[in-house]
Amino acid sequence: MDTAAIIVAAGRGSRAGGAVAKQWRDLDGRMVLARSCAALAAAGLHRQVLVIHPDDAARAQALVGPEMMIVEGGETRSTSVRNALEALATAPPRRVLIHDGARPLVSAALVARVRAALDHALAAAPALPVTDALWRGADGRVQGSAARDGLFRAQTPQGFDFAAILAAYRAHDGARAADDVEIARAAGLDVAIVEGDDDNLKLTWPTDFDRAARLLRARGNAAPDGGPMDIRTGNGFDVHRFGPGTGCWLCGVLVPHDRALQGHSDADVGLHALSDAIYGALAEGDIGRHFPPSDPQWKGAESHIFLRHAADLARAQGFTLGNVDVTLICERPKIGPHADAMRARVAGIARLDPARVSVKATTSERLGFTGREEGIAALATATLWRA
Ligand code: MG
């Protein structure tokens, strides 16, 4: 993995109001931290380390995805980041981007600018020049002004060569630092400035949540009352051939038959097509990408593993499974008597209401390979939505 992301969310700050720390609060129908993680994933950063306060371990379970690691933070931000870097060091990426969990509006374009700058620098971070005049004030009165020339507002994600920032943190004396750039510079690293983004705000005050919600709605990524939902459909198709045996696994149910389906796993053609439909809706490839057939550990695997993984991946990305529909194509065995058992089994695996699961069957009028009873084919569709 080339570039990993660290998402720092161990703070307990409550300047934004409310009893819960801001990164765990709702922002327009979705948790702030879920949005931050999803925004980085959408920008191509799938390997993520989430640094949390130990008290938030239960909350964090809702965010765990297949490529996410949870790490406990320390007393200070720099201890938290150090813990995350050490966790990555066992399988070190080439680069790492370190991001504030309370910046959920980070764009793929900004992430791309930071990554591009790392082609020519060991460290790069986004910032915006200060354009407002700067005052010193006290007791509601202006006490003086300060020059703004050469001043920047720092943002995240701040990007680094992994080995360089790990060495900088290991050499750091543990004193409080404003951000990772300060620690990098203390170790003598040169930090390139890339163009920041005004919308990449850090949620700090209650009014920041209002502004962030407005920006999300303007992007068309809002709650049902504020704009279109993110609705996805995916389809899947699979075929397995018959061989000797006494029954076929179909949609998680062993159906007695005078033959069995052959395959690397249990050859459950229905669950394979359905898993691929969900991966397809997420644009996350297919079963083979997540469970490579070249890996002997999946030989003979029970296919409910694949469907559960696909459904969990959807939920980790903030999606709700709306409904699924599977069509099995074969002359025999007869599916009808088993269809309700299959629906119940699929519902159990994917954690869905059975009313949202359809399993039906058709023959191919004795035409083609299914008509000649050489194998069984399956089609599946899944609908997912995210507010
Ligand atoms: Mg298959």
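Numbering starts at 1 and runs along the sequence shown. Numbering of ligands and ligand atoms starts at 1, following listing order.
Residues Pro293 and Gly288 approach most closely at CD-O, 4.1 Å, considering heavy atoms. Between Lys360 and Thr327, the shortest heavy-atom distance links the atoms NZ-OG1, 2.9 Å. Annotation for Ala281 and Arg232: closest pair O-NH1, 3.1 Å, computed over non-hydrogen atoms.
Applying the ring pair (Phe, Tyr, Trp, His ring centres under 6.0 Å) test to pairs two or more places apart or on separate chains, those with a residue in residues 305-343 are His272-Phe306, Tyr279-His309, His290-His309, Phe291-Phe306, Phe291-His309.
Atoms of the protein (N, O or S only) found under 2.8 Å from the Mg ion (ligand 1) are Asp238 OD2, His240 NE2, His272 ND1.
Under the 6.0 Å distance and 45° angle rule, Arg259 counts as a cation-pi partner of Phe242.
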Quick one: do Asp119 and Arg95 satisfy salt bridge (charged side-chain N to carboxylate O under 4.0 Å, His left out)? Show the steps, please. CA-CA 10 Å; Asp119 288 342; Arg95 295 166 176 168; 2.9 Å; yes
